[in-house]
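To start, the structure itself, in structure tokens.
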Protein chains: 2
Amino acid sequence: MATSTVENYLKHMLLLSEGGEELVSMGALAEALAVVPGTVTTMVKALADSGHVEHRPRQGVRLTPAGRRVALNVLRKHRLVECFLVNVLKMDWAAVDTEAEQLEHAISDEVLDRLDALLGHPETDPHGDPIPSRQGKLDSQVYATLATCVVEKPLRIIRITDQSAEFLLFVEQNGLLPGESVRVTERNLASGLVTAKKTAGRPLALSLAAAGKILIQPAR
Amino acid sequence: MATSTVENYLKHMLLLSEGGEELVSMGALAEALAVVPGTVTTMVKALADSGHVEHRPRQGVRLTPAGRRVALNVLRKHRLVECFLVNVLKMDWAAVDTEAEQLEHAISDEVLDRLDALLGHPETDPHGDPIPSRQGKLDSQVYATLATCVVEKPLRIIRITDQSAEFLLFVEQNGLLPGESVRVTERNLASGLVTAKKTAGRPLALSLAAAGKILIQPAR
DNA sequence: CTCCTTACTTTGATTAGTCAAAATAAACGT
DNA sequence: ACGTTTATTTTGACTAATCAAAGTAAGGAG
């Protein structure tokens, strides 16, 4: 059985490789796991021995199919737990990531399945992040963002790709939740500012960095 | 923050002291935690340093008020999680103890409170074990058992005090669930056999040891 | 091509939790 | 009171995960 430390390493590799093909750098992994780089090197070598990853010294690391399977299962637990916490326990959007971080390592596959059924087999969590299927399929569609979309076109918000409580709180307070309709009225590369406007709302200014974390689609 | 190992030590001390006054022997703790006695000695000394227990060398160990507080909180989590798994996720009676064993260390107090509300503030878990209140009150009423009760008196089953899957399965298959009505038709100390009978059922034989794990009250 | 920066790896030490086995103390029977 | 049994404690060693700091490689800048 993988320890919860191992599960975390694998999960973060999956998240950092956005789909699983590219090499993940040791530095990025260390950053994501809040650990010094030397620790990552040590751990990655152990994970290579157990067949979960392929380690290219001085270049990076990549999940093997076995490692990817474990990572997807953990991610599925994480996101389904988030759904449960928000939809059933009515918890706060911004707080559930931290909670799920613990629970993802404690719930069994049996509980996972029943939770999935209870929630009606959702396809995304409350932030719009796709939930891997039982079979390990993960929607890896690449969306445009408020930082990259066409100006003045009507858009629908699909997903928020920053789980920090502050950012989620900001998003919530300005009604930029997944499902909402918006359009970008202005984008200025020089000042790094994007102005967005909800159908019936006042214009809202945000940085390019922030805008890039809000994924969108052309409205229906 | 107490690690989940520490939480387990404290929880088992609480369970073994049936209320919290008597000294718990190191051996009993080692047995309950599936660890060798030497490990318990080491750990108990650390717990004494952190003020969670009082250690009487060569005699045993006892929870301090601080330790008891932690233990009750863990037990509350364990039992509320069991309620959730059985009542909401419709999981099997006999399997939930193992699941809860993991989850009790992963859920926050926030989630605990919401779970408690969702379940309607239950007073006992599905096995009839009392759930400690938020304030740390634990019903420590001493019940009679099928091994100690008066013969032929109508009884109500209150609680099953053995969480092993086999025993729970046996209990379930013979309809001896908490809430059910029974009476003891015969008890033979010599052969160590107890015969119980549900109001509308065939007589069932069980050992004194097994009968002692089924707590009862006089029928309403 | 050489030096420098930066990322990565190595090394040695630390902490939590554990076991095996030897040492000790208390309790017990005769 | 003496030796034996049994529970407990000690000791030394091990694993997983970590950090600090020293060492090494690879890719630019000049």
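Among the candidates A:V150, A:V194, A:T148, the single residue satisfying the side-chain contact (heavy atoms from CB on, under 4.5 Å) test with A:V184 is A:V194. Put simply, the residue from A:K11, A:K77, A:R79 that forms a salt bridge (Lys or Arg N to Asp or Glu O under 4.0 Å) with A:E104 is A:K11. For the pairing with B:R76, the salt bridge (Lys or Arg N to Asp or Glu O under 4.0 Å) check across B:D129, B:D116, B:D125 returns one residue only, B:D116.
Within the model, atoms CG of A:L33 and OG1 of A:T5 stand 9.5 Å from one another, a figure rounded to the nearest 0.5 Å.
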Before giving the answer on side chain to side chain contact (heavy atoms under 4.5 Å, CB included), spell out for B:V40 and B:Y9 the whole-Å C-alpha distance, their side-chain angles and the decisive distance to 0.1 Å. CA-CA 9 Å; B:V40 173; B:Y9 273 81; 4.3 Å; yes

Go through B:Y143 and B:I214 one step at a time and tell me if the side chain to side chain contact (heavy atoms under 4.5 Å, CB included) criterion holds. CA-CA 9 Å; B:Y143 293 98; B:I214 300 175; over 6 Å; no

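The shortest distance between side-chain heavy atoms of B:S133 and B:L138 does not fall below 4.5 Å.
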Between the protein and nucleotides 2-4 of chain D, list the N/O to N/O atom pairs that are separated by less than 3.5 angstrom.
none

Where protein sits on nucleotides 7-18 of chain C, one letter per nucleotide: B base, S sugar-phosphate only, - none, heavy atoms under 4.0 Å: BBBB------SS

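The CE atom of A:M1 sits 21 Å away from the P atom of D:dT15 (whole-angstrom rounding).
A donor-acceptor contact closer than 3.5 angstrom links the side chains of A:E99 and B:S108.
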